[in-house]
Amino acid sequence: MPLIKRLLLLALSVLLAGCAVISEDECRAGNWYERGVQDGARGRNQAVVGEIAQQCGEYGVQVDSEAWFRGHEEGVEQFCTPDNGYRYGRQGRRYNGVCSGPTADLFVNAYQQGLVDHQIVQQYRQLAARQDWVRQQLYVVEVAMANTSDRNALGNLALRRSSLQFELQRLDMALFRFDAFGGFHGGFDRFDRIGSFNAFNSLGLDFMY
């Protein structure tokens, strides 16, 4: 077999191993109740047991699904709390709808708040990164203007500088309003989530770079 083909097969096997829901050692160890608790506590839905059974079947191991389901139910109870919901959303993680009953609404409400805060932080970071980039470009333009006497070039550079200065003013205003609504550095306890998005959009700064 050619070397390049062997390397491609090796890379594919490593990739597939990284995607496996369970390892061969874990399959052979059993501990299905404990495994169910772990999967439930991680917010994984019941469909994952089918993937586990398929994976373990390839190793010749049969899964005790009944024990896994009992453990999963206990794990889900640990997972479905408002604090965990907020933390899950704040990390920008996907919720698989495992919660049910009265705890589901509490979890989902907290999750949605955390998800909005996650999105706000991402937007803040994008704006701050754009602000740094615009400042760098302004410096480049000003250096170029100081080192040329060509009128056409100076005119073009002056237009570019004006455009960058205008954008920098808008970015400064957006980031100032961000802090005024509760502050990125001070946490989100006082943050008006709806107001923050409206503040950005009113400035026309709801872009993504």
Side-chain angles (χ1 to χ4, degrees), residues 15 18-23 26 31-52 55 68-134 167-168 170-209:
L15 179 62
C19 296
V21 294
I22 190 169
S23 68
E26 290 172 323
N31 300 323
W32 298 117
Y33 178 85
E34 291 79 3
R35 176 74 192 201
V37 172
Q38 292 174 8
D39 288 333
R42 291 172 181 167
R44 295 176 176 173
N45 59 32
Q46 294 182 349
V48 75
V49 73
E51 300 176 35
I52 292 173
Q55 189 74 46
W68 185 92
F69 278 116
R70 290 200 310 270
H72 183 264
E73 185 176 353
E74 180 179 330
V76 166
E77 291 180 4
Q78 299 174 17
F79 176 76
C80 297
T81 65
D83 287 345
N84 201 39
Y86 178 82
R87 181 167 57 252
Y88 218 65
R90 185 67 173 75
Q91 294 170 351
R93 302 176 68 179
R94 180 180 177 181
Y95 168 54
N96 292 316
V98 299
C99 301
S100 60
T103 61
D105 290 340
L106 296 175
F107 179 93
V108 170
N109 288 339
Y111 171 78
Q112 290 174 343
Q113 292 176 0
L115 191 61
V116 169
D117 287 348
H118 169 77
Q119 293 168 346
I120 290 171
V121 170
Q122 296 305 307
Q123 188 169 19
Y124 180 93
R125 288 173 177 169
Q126 289 170 344
L127 292 171
R130 181 68 180 183
Q131 183 188 54
D132 290 341
W133 183 86
V134 170
E167 182 177 357
L168 185 60
R170 297 169 69 208
L171 288 165
D172 288 342
M173 187 178 299
L175 291 170
F176 174 80
R177 285 198 179 186
F178 193 104
D179 287 329
F181 272 100
F184 175 75
H185 301 289
F188 293 100
D189 291 342
R190 295 178 295 109
F191 207 104
D192 181 347
R193 296 173 175 85
I194 303 301
S196 66
F197 283 122
N198 291 339
F200 285 130
N201 293 336
S202 68
L203 294 170
L205 286 169
D206 52 341
F207 42 66
M208 296 294 180
Y209 290 96

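By the 4.5 Å heavy-atom criterion applied to side chains, Val116 and Gln112 are not counted as neighbours. Between Gln122 and His118 there is a side-chain heavy-atom pair separated by less than 4.5 Å. At a threshold of 4.5 Å between non-hydrogen side-chain atoms, the residues Leu171 and Val134 count as touching. Using a 4.5 Å heavy-atom threshold, the side chains of Ile52 and Trp68 count as touching.
Ring geometry for Phe79 against Tyr88 counts as perpendicular: the plane angle is over 60°, on a 0 to 90° scale with 30° as the lower cut.
Counting only residues at least two apart or on different chains, the salt bridge (charged side-chain N to carboxylate O under 4.0 Å, His left out) pairs with a member in residues 35-44 are Glu26-Arg35, Arg35-Asp39, Asp39-Arg44. Sorted by first and then second residue, the pairs that involve residues 68-109 and meet disulfide (SG to SG under 2.5 Å), not counting sequence neighbours, are Cys80-Cys99. Residue pairs meeting the salt bridge (charged side-chain N to carboxylate O under 4.0 Å, His left out) criterion with at least one member in residues 68-80, sequence neighbours excluded: Glu66-Arg70.
Arg87 pairs by the salt bridge (Lys or Arg N to Asp or Glu O under 4.0 Å) definition with nothing, not counting sequence neighbours. Every residue two or more places apart in sequence or in another chain that forms a side chain to side chain donor-acceptor pair (under 3.5 Å) with Gln131 is listed here: Asp172. Asn45 meets the side-chain contact (heavy atoms from CB on, under 4.5 Å) test with Ala47, Asn96, Val98; sequence neighbours excluded.
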Steps toward side-chain contact (heavy atoms from CB on, under 4.5 Å) verdict (Val37, Gln78):
CA-CA 9 Å; Val37 172; Gln78 299 174 17; 4.0 Å; yes
Using the side-chain contact (heavy atoms from CB on, under 4.5 Å) rule, take Thr81 and Phe107 through it: C-alpha gap first, then chi angles, then the decisive distance, then the call.
CA-CA 6 Å; Thr81 65; Phe107 179 93; 5.7 Å; no
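Listed here is the closest heavy atom pair of Gly92 and Leu115: CA-CD1, 4.2 Å. When all heavy atoms are compared, the tightest approach of Ala174 to Leu127 is CB-CD1, 4.4 Å. Annotation for Leu106 and Pro82: closest pair CB-CG, 3.9 Å, computed over non-hydrogen atoms.
Between the side chains of Asn84 and Tyr111, not a single donor N or O lies within less than 3.5 Å of an accepting N or O.
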